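Written below as structure tokens is the structure these notes are about.
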Protein chains: 2
Amino acid sequence: MSRGWETIRADVLRRIQAREWGPGATIPTEEALSREFGCARATVSRALRDLAAAGVLERRRKAGTRVALAPVRRATLDIPLIRQEVERRGQSYSYRLLRDAVEVPPLPVSLHLRLPPQVPLRRLICLHFAGDQPFIHEDRWLNPAVIGGLRPDFAGQSANAWLVANVPFASGDITFCAEAATAADAAALSVPVGTPLFVVDRTTWTAQAAITRVRLAYAPGYRMHTTL
Amino acid sequence: MSRGWETIRADVLRRIQAREWGPGATIPTEEALSREFGCARATVSRALRDLAAAGVLERRRKAGTRVALAPVRRATLDIPLIRQEVERRGQSYSYRLLRDAVEVPPLPVSLHLRLPPQVPLRRLICLHFAGDQPFIHEDRWLNPAVIGGLRPDFAGQSANAWLVANVPFASGDITFCAEAATAADAAALSVPVGTPLFVVDRTTWTAQAAITRVRLAYAPGYRMHTTL
DNA sequence: TACACCGATATGTCTGCACATAATCCCGCC
DNA sequence: GGCGGGATTATGTGCAGACATATCGGTGTA
């Protein structure tokens with residue numbers, strides 16, 4: 001009858017979009033659909049599981065499978081390495097280290113990393129270039145307990161590349177927001193103080209402890225894009 | 001030996017994070033792993049497929065399964081309905097319609113919707129409140145071909161709610177960026193012109209045609225958050 | 001040397017079956 | 001009428017086997 005679970009997924013999605021099964025409605029059981037499509041239940045299950053992962057369906061044991069009420073719900077966005085993002089635009093990537101120091105971080109940083117206040121951390125500030133234009137102003141705090149002391153050598157790599165290659169990464173969180181350019185941002189990116197900048201704050205963790213907190217301030221005009 | 005494919009996924013992930021299999025390395029075949037874990041190949045396959053979907057592994061027929069070079073790569077973020085987002089903060093939601101007109105959109109909007117220039121569209125501008133504070137300034141263009149003419153009645157619902165309930169949605173794209181508050185943003189959100197605002201541009205499509213393009217300007221301080 | 005072809009191989013998918021698990025439904029009891 | 005507990009039921013997971021398909025690598029030929 002069909003040629004694989006993707007065909008079934010497409011057909012179920014078509015019926016939902018055609019309002020054959022409206023939002024909130026319960027759709028037929030896997031067993032009924034497998035009879036209709038002339039395939040094994042596992043094949044139907046695969047298709048429905050995929051739609052559930054995409055947020056189109058909601059499934060519960062015994063209760064059955066329902067069409068989600070709010071279809072526009074979940075987006076996956078790729079977070080490329082900065083170097084790759086620049087090179088994908090056909091520009092050459094480079095970066096310059098602006099500062100490498102050991103400092104006591106501001107209280108919010110200590111708290112977010114779940115470290116005691118007043119503990120000094122290594123702070124790296126650098127500037128990423130796309131061609132000869134400044135692209136991202138990066139301000140990073142590193143936990144010395146994870147990277148093996150306050151002043152290890154990254155062997156010529158950027159801190160990010162070194163971390164990716166050397167520290168087992170377990171989890172993290174990201175926030176996106178708009179901020180006015182600080183004096184440091186303004187100087188680094190060659191824009192007036194107060195210019196709206198797209199800012200990403202990222203914290204990563206091993207299973208036990210915080211690894212790093214980084215703030216990325218993108219040059220004006222940056223747009224993060226994804227499809228649904 | 002184990003208690004399900006999630007155990008296997010966890011163990012494979014652990015070995016990757018422990019650098020037992022470093023970035024770029026090829027891991028054992030499904031068949032070898034199934035022997036090691038004492039389970040069926042399908043069970044290992046399930047675990048590895050899931051890790052591949054999360055961006056941790058890369059798989060190719062015959063070539064085998066490799067550890068991805070850049071592990072921090074994919075984030076899924078939930079895009080709640082505005083009403084739900086406000087209510088989750090424990091504030092009461094309301095909205096006010098500021099404008100409902102038929103206008104010729106600016107050229108970039110026509111192009112992005114893949115409509116001929118100079119075709120008039122319905123434009124709705126409204127303001128979403130969290131409690132008594134303005135939260136989002138929304139500027140929406142609607143394709144009359146999809147909503148059944150230039151001036152249908154949304155029966156008291158917000159345009160978004162009406163669309164979710166009545167128009168079969170197929171695909172879309174989203175961009176996030178930082179913009180300076182326009183005069184209209186400033187008046188609506190009660191902030192000075194030029195204030196950095198987090199802006200979301202969303203376009204949705206049926207299988208055939210564009211449905212709507214909407215620009216959401218969030219009040220200052222908004223942060224979009226997700227975990228990895 | 002360069003290219004076309006072909007076998008080997010790892011993943012991709014499907015089937016048919018079985019049992020586990022969660023949640024609902026309904027029956028019987030108080 | 002209200003409530004507790006067990007039967008029912010739809011999904012979740014697992015297994016063994018089979019075939020499909022992409023692709024890597026090597027072999028033979030122009």
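Just so we're on the same page: letters track the sequence lines, and every chain starts at 1. Remember, it's a predicted structure, so these values are computed and weren't measured experimentally. Keep in mind that the numbers below use all heavy atoms, side chains included, and drop hydrogens, waters and symmetry copies.
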State whether B:Thr43 places a side-chain N or O below 4.0 Å from either non-bridging phosphate oxygen (OP1 or OP2) of D:dC15. yes
Within this structure, what is the CZ-to-P distance between A:Arg59 and C:dA23, rounded to whole angstrom? 14 Å
Once you round it to whole Å, what is the distance between C1' of C:dC19 and CD of A:Glu31? 16 Å
I'd like to know if the side chain of A:Thr175 reaches the main chain of B:Met224, judged simply by a donor and an acceptor atom lying under 3.5 Å from each other, with no hydrogens or angles considered. no
If you take all heavy atoms of A:Trp5 and A:Thr43, which pair is closest and at what distance? CB-O, 3.7 Å
Each nucleotide in nucleotides 20-27 of chain D should get exactly one letter: B, S or -. Can you fill that in based on protein heavy atoms under 4.0 Å? -BBBB---
A:Arg49 CZ - D:dA10 C1' separation (whole Å): 15 Å
So, OP1 or OP2 of D:dA10: does either fall under 4.0 Å of a side-chain N or O from A:Thr65? no
I need the CG-C1' distance between B:Leu48 and C:dT13, as an integer number of Å. 15 Å
If only atom types and distance count, is the side chain of A:Thr226 paired as donor or acceptor with the main-chain N or O of A:Thr76 below 3.5 Å? yes
Could you check how far CG of A:Leu33 sits from C1' of D:dA10, rounded to whole Å? 12 Å
Describe, in one word, how the ring planes of A:Phe198 and A:Tyr222 are oriented to each other, choosing from parallel (under 30°), tilted (30 to 60°) and perpendicular (over 60°). tilted
Under a 4.0 Å N-O cut-off, is there an ion pair linking B:Asp50 with B:Arg46? no
Is there a donor-acceptor pair closer than 3.5 Å between any side-chain N or O of B:Arg66 and the backbone N or O of B:Gly24? yes
Tell me whether A:Arg59 contacts the main-chain N or O of A:Thr65 through its side chain, where contact means a donor paired with an acceptor under 3.5 Å. no
May I have the distance from B:Ile27 (atom CD1) to C:dA10 (atom P), rounded to whole angstrom? 13 Å
Measure from the side-chain heavy atoms of B:Glu30 and tell me the nearest of D:dT11, C:dG16, C:dG12. C:dG12
Determine the contact category for B:Arg41: base if any of its heavy atoms lies under 4.0 Å from a base atom, sugar-phosphate if only primed atoms, P, OP1 or OP2 are that close, otherwise nothing. base
Roughly, in whole Å, what's the span from CZ in B:Arg9 to C1' in D:dT13? 14 Å
Residue met sooner reading DNA chain C from 5', once B:Thr29 and B:Ala42 are mapped to nucleotides: B:Thr29
Report the distance from atom CD1 of A:Ile8 to atom P of C:dC14, rounded to the nearest whole Å. 7 Å
